2 protein chains.
Amino acid sequence: MKLTDYKQPSVTTDIVIFTIREDELKVLLVKRGIEPFKDKWAIPGGFAKFNESLDDAAKRELEEETGMKDVYLEQLYTFGKVDRDPRGRVITVSYMALVNSDKINLKASTDVKEAKWFNVKKLPSLAFDHKEILEYSLKRLKWKFEYTLVGFSLLPDKFRISELQNIYEIVFDKKFDKRNFSKKVHSLNILKEVGIVKDVNFRPPKLYKLKSNVSEIVNII
Amino acid sequence: MKLTDYKQPSVTTDIVIFTIREDELKVLLVKRGIEPFKDKWAIPGGFAKFNESLDDAAKRELEEETGMKDVYLEQLYTFGKVDRDPRGRVITVSYMALVNSDKINLKASTDVKEAKWFNVKKLPSLAFDHKEILEYSLKRLKWKFEYTLVGFSLLPDKFRISELQNIYEIVFDKKFDKRNFSKKVHSLNILKEVGIVKDVNFRPPKLYKLKSNVSEIVNII
DNA sequence: ACAAAAGTGTTGAGAGTACACCCATGC
DNA sequence: GCATGGGTGTACTCTCAACACTTTTGT
C-alpha cells in the first residue's frame with residue numbers, strides 16, 4: 001500500500017494575527033477576492049506547500065500578509081470537520097501570531113482584496129468556520145497572557161510598566177490596580193532597568209527590558 | 001485553481017492512550033508489522049479517511065486498538081516537519097486518550113504485530129518522531145490534571161478519595177498529604193456521596209461520584 | 001502653580017502547607 | 001486485640017486584593 005493509494009484531504013494553515021492598536025486588541029482579517037466566500041472577511045492563510053513544514057508555511061503566510069518575520073508564532077489547533085470548506089475536504093492547522101503593529105506593512109495579494117485590523121469585540125461575519133477558530137484563539141490568547149510572558153511580544157524592546165499594564169488591561173478587558181500590578185511584576189524578577197523616558201511633561205518613567213534568561217511559564221496575573 | 005492542483009501531504013491521526021495499571025502511568029504502544037520501522041514500537045494511529053473528520057478518525061483508531069468508545073479524547077498538536085516520515089510527506093494530528101484500563105481488550109490488526117502497555121518512565125525506542133509526540137503528551141497530561149478534572153476519567157464511576165489521590169500521585173510522581181488532599185477536593189464541592197465499600201477488613205471508606213453539572217476548569221492541586 | 005502620569009506601603013482575607021492521632025472493620 | 005486503611009483539625013505562611021498620597025517634570 002502506498003501513500004498515494006489514499007485520497008487525501010488538503011491542508012491549509014490559517015494565522016490569527018493579534019496586535020494592539022489604539023488601545024484595542026485587534027486581529028488582522030482579509031477580504032477574500034475569490035470564491036468561495038468572495039468578498040467575505042477571513043483569517044489569512046493558505047495551502048501548505050508539499051515541501052515545507054507546517055511551521056514554515058505559517059511563517060510564510062505571516063510574512064506575506066504583514067512583511068514581518070521573527071514574531072511570536074504558536075500552533076493552536078487543527079480543524080478537521082468534513083464539510084468545513086465547500087470546495088472539498090480541507091483541514092486547517094491554525095496558528096496565532098502576536099505582533100507589534102508599529103512596523104507593519106499590510107499587503108494585498110491575488111487572492112485578497114483588502115486587509116484590515118478589526119477590534120476583536122466588533123468582528124464582521126466570517127468565511128468558513130473562521131468564527132470558531134477566532135473564538136478558540138482568543139481563549140488561548142488570554143490563557144497565554146495569564147500564565148506566560150507572551151505579553152511582552154506586543155511591546156517594543158524597551159517599555160514602561162504602565163505600557164505593560166495597559167496591554168494586560170486591554171487583553172483582559174479590565175483594570176488592574178497599578179500598585180499591585182507593579183509589585184507583582186517586580187516580584188517576578190524578570191525586568192532590567194535600562195533608562196528613563198525624556199521630554200515628557202510629567203515625572204519621567206523608568207524604562208525596562210525583559211531579562212534575557214527568563215523561563216517561559218510564569219503566572220503573571 | 002482547483003484543490004487537486006496542489007500536491008498534498010498525507011494526514012494521519014496518532015492517539016496517545018494513557019491508563020493507570022499496577023500503580024503506574026502507562027501508555028499503549030504497538031509493534032509495527034510493516035515497513036518503515038518494522039518491529040519498532042509506535043504510537044497507534046493511521047491515515048484519516050477522506051470523508052471522516054479528524055475527531056472521528058481518532059475515535060475510530062482508538063476503538064480499533066482498544067475496543068473502547070466514549071472515553072476522554074482530546075486533540076493535542078499537529079506535527080508537520082517535512083521529513084518526519086520516510087515514506088513521504090505525512091503530517092500527523094496527535095490526540096490523547098485517557099482510559100480506565102479494566103475493560104480494555106487489546107487487539108492486533110494487519111499493520112500491527114502486538115500491542116502493549118508501557119510505563120511512561122520505561123519507554124522503548126520509538127518509530128518516527130513518536131518520542132517527541134509522547135513527551136508533548138505527557139506535559140499536556142500533567143497540565144490537564146492540574147487545571148481540570150480529567151483525572152476522573154481514569155476512575156470507575158464510583159470511587160473512594162484514596163483512589164483519586166492515588167491517581168494524582170502517580171501522574172505527578174509525588175506524594176500528597178491525605179488531609180490536605182481530602183480538604184481540597186471536598187472544598188471544590190464537586191463530589192456526591194453514594195455509599196460505602198463493604199467487605200473490607202478496615203474502616204469502610206465512603207464512595208463518591210463526580211457531580212454531573214461540574215464545570216470543566218478547576219484548579220485541583 | 002498647575003497638569004499629568006509615576007511611584008510607592010499597609011492591612012485583611014483566603015489558600016496552601018505542614019503536621020499526628022483516633023476510628024471502624026474483619027479476622 | 002491487632003492489623004489495615006479511613007477520616008479528620010489547627011497553626012503558620014504566603015499570595016492576592018483593596019485602598020490614597022506624594023513626586024517629578026514641562027509649561
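Order of the sequence lines fixes the chain letters, A, B, ..., with proteins taken first and strands second; residue numbering starts at 1 for each chain. Just so you know, these numbers come straight off a predicted model, no measurement behind them.
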Short N/O separations, protein against nucleotides 4-8 of chain C, under 3.5 angstrom:
unit_1 : atom_1 : unit_2   : atom_2 : d
C/dA6  : OP1    : A/Ser162 : OG     : 2.9
C/dA6  : N7     : A/Lys178 : NZ     : 3.1
C/dG7  : OP1    : A/Lys206 : N      : 2.8
C/dG7  : N7     : A/Lys178 : NZ     : 3.0
C/dG7  : O6     : A/Lys178 : NZ     : 3.1

Contacts of B/Asp83 that satisfy salt bridge (Lys or Arg N to Asp or Glu O under 4.0 Å) - sequence neighbours left out: none
Atom-to-atom span, CD of B/Glu169 to C1' of D/dG5 - whole angstrom: 14 Å
Nearest-angstrom distance from the residue atom NZ of A/Lys174 to C1' of D/dA18: 14 Å
Which residues share a salt bridge (Lys or Arg N to Asp or Glu O under 4.0 Å) with A/Lys174, sequence neighbours left out: none
Atom-pair distance (CG on B/Leu164; P on D/dG7), nearest Å: 13 Å
Protein-nucleotide distance (A/Phe176, atom CZ; D/dA18, atom P), rounded to Å: 11 Å
Results of salt bridge (Lys or Arg N to Asp or Glu O under 4.0 Å) for B/Arg179 - residues two or more places apart only: B/Asp177
Toward the 5' end of DNA chain D, by each residue's nearest nucleotide, A/Asn180 or B/Asp177: B/Asp177
Atom-to-atom span, CD1 of A/Ile196 to P of D/dT23 - whole angstrom: 18 Å
SB check B/Glu63 B/Lys59 (cutoff 4.0 Å): no
Residue pairs fulfilling salt bridge (charged side-chain N to carboxylate O under 4.0 Å, His left out) with at least one residue in residues 159-169 of chain A, sequence neighbours excluded: A/Glu169-A/Lys175
Length of the CZ-C1' vector between B/Phe181 and D/dT8, whole Å: 16 Å
Phosphate-side-chain proximity, A/Lys183 and C/dG9, N/O vs OP1/OP2 below 4.0 Å: no
Protein-nucleotide distance (A/Lys175, atom NZ; D/dA17, atom C1'), rounded to Å: 18 Å
d(CG, B/Leu191; P, D/dG6) in whole Å: 15 Å
Partners passing salt bridge (Lys or Arg N to Asp or Glu O under 4.0 Å) against A/Glu74 (at least two apart in sequence or in another chain): A/Arg140, A/Lys144
